[in-house]
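As structure tokens, the structure follows; a few thoughts come after it.
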Amino acid sequence: MMTKNVIVLPGDGVGTEVTDAAVRVMEAVGELYDVSFNLERYHVGGASLDEYDTPIKDEVIEACQESDAVLLGAVGGPKWDGNTGDKRPEAALLALRKELELFTNLRPVKVYDALVESSSLKPEIVQGVDILVVRELTGGIYFGRPRFTEDLPDDRRAVDTLEYKTSEITRIAKVAFEAAGSRRGRVTSVDKANILETSRLWRDTVGTLATKYTEIDFEHMLVDNCAMQLVRYPKQFDVILTTNMFGDILSDEASMLTGSIGMLPSASLGNGTAMYEPVHGSAPDIAGKGVANPLATIASVAMMFRFSFDLEEAAQQIEQSIENVLNNGVRTGDLTDTDAAVGTDEMTEAILNEFQQHTSVAT
């Protein structure tokens, strides 16, 4: 039996609820595959601000660096909306991405057949959608310097800096092309090259690299057109490669193809320990009510088994259990407007039962 050290960072709002659910699934799957877990939990985000007056302590970052994987819930909420700079809960995310050198964010967007009717778009538009958003995670405007707000004699001024280096663009583009090679062989690189210097560098760099991947169908697309195409004809996309900010926005838009942002997992990969988290936020309006959708976090655990533990079969079994449960009609409130909606615990139990039944049949 192998042992994996996993850091759990529940964060704020529903983060505690969905990470608890995902850990239950992680441990159940681990038993089947002879994997045990040493789990350590730490505060991050608003919870850490309340306890320690910082969104993340240095010792937490060090623990993450020394672990085999990190599972993150969500950070932020109205309580801390007035905080600025390094006192914002979201500063914890930026610190983790930087210190763990997580330059790649993978966000799969899959529309399950059972949820076609849950999308706000017509069924014929979303059925069969299967997109991988490859988002650059440690560059761009979220990390650029200088960044400041200053008072002027008769005004106020704020500055954020958007910058990219060829090396940063090349390494994330390689991830996208290689991912497309094991999927449907198509990469759409998204930028704003008609306006931004950084996007012109992005386009030149990605275009040059594309010539080395002759088996990949490749195209450039402006971000405003991509946003429109995602709701017009999303099935045209296979792998979407884009910058930090554009990837943040487009993947949230794409989440609605699936019926709910509560369905989107993510994996942040790079040179250090990988981090796994749902795309959704802390949802303070439903926190503590036991109704949050845990599927995005459970699917993030599937990605953990795939990328950090090299257990592809386990990952696929988790993903298949999610699909089977949805096929059986089990829905949390974000996926249905009927009284039949289940809560976080009920959905988690349904996943565990489905996984155990599958395991029994296989045995």
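Remember, predicted model here, so these are calculated numbers, not experimental data.
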- Task: State yes or no: do Leu137 and Ile141 share one hydrophobic cluster built from I, L, V, M, F, W and Y residues joined by side-chain heavy-atom distances below 4.5 Å, directly or via other members?
- Result: no

- Message: Closer than 3.5 angstrom, by distance alone: can the side chain of Thr242 be matched with the main-chain N or O of Val190 as a donor-acceptor pair?
- Response: yes

- Query: What do the steps show when you test Ile318 against Ile298 for side chain to side chain contact (heavy atoms under 4.5 Å, CB included), and what is the final call?
  - Reply: CA-CA 8 Å; Ile318 296 171; Ile298 292 171; 3.8 Å; yes

- Query: Any side-chain donor-acceptor pair under 3.5 Å between Tyr142 and Asp248?
  - Reply: yes

- Where do Gln229 and Asn225 land on the side chain to side chain donor-acceptor pair (under 3.5 Å) test, with the steps shown first? CA-CA 6 Å; Gln229 295 293 339; Asn225 184 30; 3.3 Å; yes

- Item | Heavy-atom pair with the smallest gap, counting every atom of Asn293 and Gly262 | ND2-O, 3.5 Å

- Message: Please check: side-chain N/O of Gln65 versus main-chain N/O of Glu99, any donor-acceptor pairing under 3.5 Å?
- Response: yes

- Query: Do Val206 and Ile172 belong together in a cluster built from hydrophobic side chains that touch within less than 4.5 Å?
  - Reply: yes

- Message: Between Asp130 and Lys110 (salt bridge meaning N to carboxylate O under 4.0 Å), is one present in this structure?
- Response: no

- Task: Would you confirm whether Thr170, through its side chain, and Ser167, through its main-chain N or O, come within 3.5 Å as a donor-acceptor pair?
- Result: no

- Task: Ignoring hydrogens and angles, tell me if any N or O in the side chain of Ser119 forms a donor-acceptor pair with the backbone of Met256 under 3.5 Å.
- Result: yes

- Query: Which atom pair, heavy atoms only, marks the closest approach of Ala114 to Arg331?
  - Reply: O-NH2, 2.9 Å

- Should we count CG of Asp81 as having more than 12 external heavy atoms under 6.0 Å? yes

- Item | Interatomic spacing from CG in Leu264 to NE2 in His280 - rounded to 0.5 Å | 10.0 Å

- Item | Check against side chain to side chain contact (heavy atoms under 4.5 Å, CB included), Leu201 and Thr166 | CA-CA 7 Å; Leu201 178 64; Thr166 299; 3.6 Å; yes

- Distance-only, no hydrogens or angles: does the Thr332 side chain make a donor-acceptor pair with backbone N or O of Gly343 under 3.5 Å? no

- Message: Do Glu136 and Tyr164 pair up side chain to side chain, a donor and an acceptor below 3.5 Å, judged on atom types alone?
- Response: yes

- Asp285, CG atom: more than 12 neighbouring heavy atoms under 6.0 Å: yes

- Output yes when a side-chain donor or acceptor of Asp12 lies under 3.5 Å from a complementary backbone atom of Gly76, and no otherwise. yes

- Message: Quiz question: by atom type and distance under 3.5 Å, do the side chains of Ser189 and Trp202 form a donor-acceptor pair?
- Response: yes

- Message: Looking only at the side chains, is there a donor atom on one of Tyr33 and Gln317 sitting less than 3.5 Å from an acceptor on the other?
- Response: yes

- Are Ile169 and Val187 joined in one hydrophobic group, where the rule is that I, L, V, M, F, W and Y side chains link up if heavy atoms are under 4.5 Å apart? yes

- Message: Restricting to non-hydrogen atoms, name the atom on Thr188 and the atom on Met221 that form the minimum distance, rounded to 0.1 Å.
- Response: CG2-CB, 3.8 Å

- Task: Salt-bridge test for Asp50 and Lys79: reply yes if a basic N is under 4.0 Å from a carboxylate O, no otherwise.
- Result: yes

- Item | With sequence neighbours excluded, residues passing side chain to side chain donor-acceptor pair (under 3.5 Å) with Arg107 | Asn105, Ser251

- Main-chain N/O of Gly144 paired to Thr161 side chain as donor or acceptor, under 3.5 Å: no

- Task: Verify the neighbour count for atom NZ of Lys87: are there more than 12 heavy atoms of other residues, nucleotides or ligands below 6.0 Å?
- Result: yes

- Query: Do Ser199 side-chain atoms and Leu196 backbone N/O form a donor-acceptor pair below 3.5 Å?
  - Reply: no

- Item | Other residues, nucleotides, ligands: >12 heavy atoms within 6.0 Å of Asp86 CG | no

- Can you hop from Val70 to Leu269 via hydrophobic side chains spaced under 4.5 Å? no

- Task: Say whether Tyr213 and Glu215, considering side chains only, have a donor N or O and an acceptor N or O under 3.5 Å apart.
- Result: no

- Tell me whether Met303 is reachable from Leu9 by hopping between hydrophobic residues (I, L, V, M, F, W, Y) whose side-chain heavy atoms are closer than 4.5 Å. no

- Message: Please give me the minimum heavy-atom distance between Ile351 and Ser321, naming the atom from each residue.
- Response: CD1-O, 3.9 Å

- Note on the structure: Nearest heavy-atom contact between Glu319 and Tyr112 is O-OH, 4.4 Å

- Query: Does the distance from a Lys or Arg side-chain N to an Asp or Glu carboxylate O, for Glu349 and Arg24, drop under 4.0 Å?
  - Reply: yes

- Assess the side chains of Asn327 and Glu323: does a donor N or O sit below 3.5 Å from an acceptor N or O? no

- Nearest heavy-atom neighbours spanning Pro55 and Pro89: CB-O, 4.0 Å

- Message: I'd like to know whether Val75 forms a side chain to side chain contact (heavy atoms under 4.5 Å, CB included) with Leu93, so could you lay out the CA-CA distance, the side-chain angles of the two residues, the decisive distance to 0.1 Å, and finally the verdict.
- Response: CA-CA 8 Å; Val75 298; Leu93 299 182; 3.9 Å; yes

- Query: Any donor-acceptor pair under 3.5 Å linking the side chain of Arg171 with the backbone of Phe103?
  - Reply: no

- Who pairs with Asp20 by side chain to side chain donor-acceptor pair (under 3.5 Å), at least two apart in sequence or on another chain? none

- Is the backbone of Ile240 close enough, under 3.5 Å, to the side chain of Arg135 for a donor and an acceptor to pair up by distance? no

- Query: Is it the case that Ser36 and Thr3 place a side-chain donor and acceptor less than 3.5 Å from each other?
  - Reply: yes

- Query: Is it true that atom NZ of Lys98 has more than 12 heavy atoms of other residues, nucleotides or ligands lying nearer than 6.0 Å?
  - Reply: no

- For Gln320 and Gln316, does a side-chain donor sit closer than 3.5 Å to a side-chain acceptor? no

- For the atom pair CG (Leu241) and NZ (Lys174), what is the distance rounded to the nearest 0.5 Å? 13.5 Å

- Query: Between Asp217 and Arg186, does at least one N-O distance fall below 4.0 Å, as a salt bridge requires?
  - Reply: yes

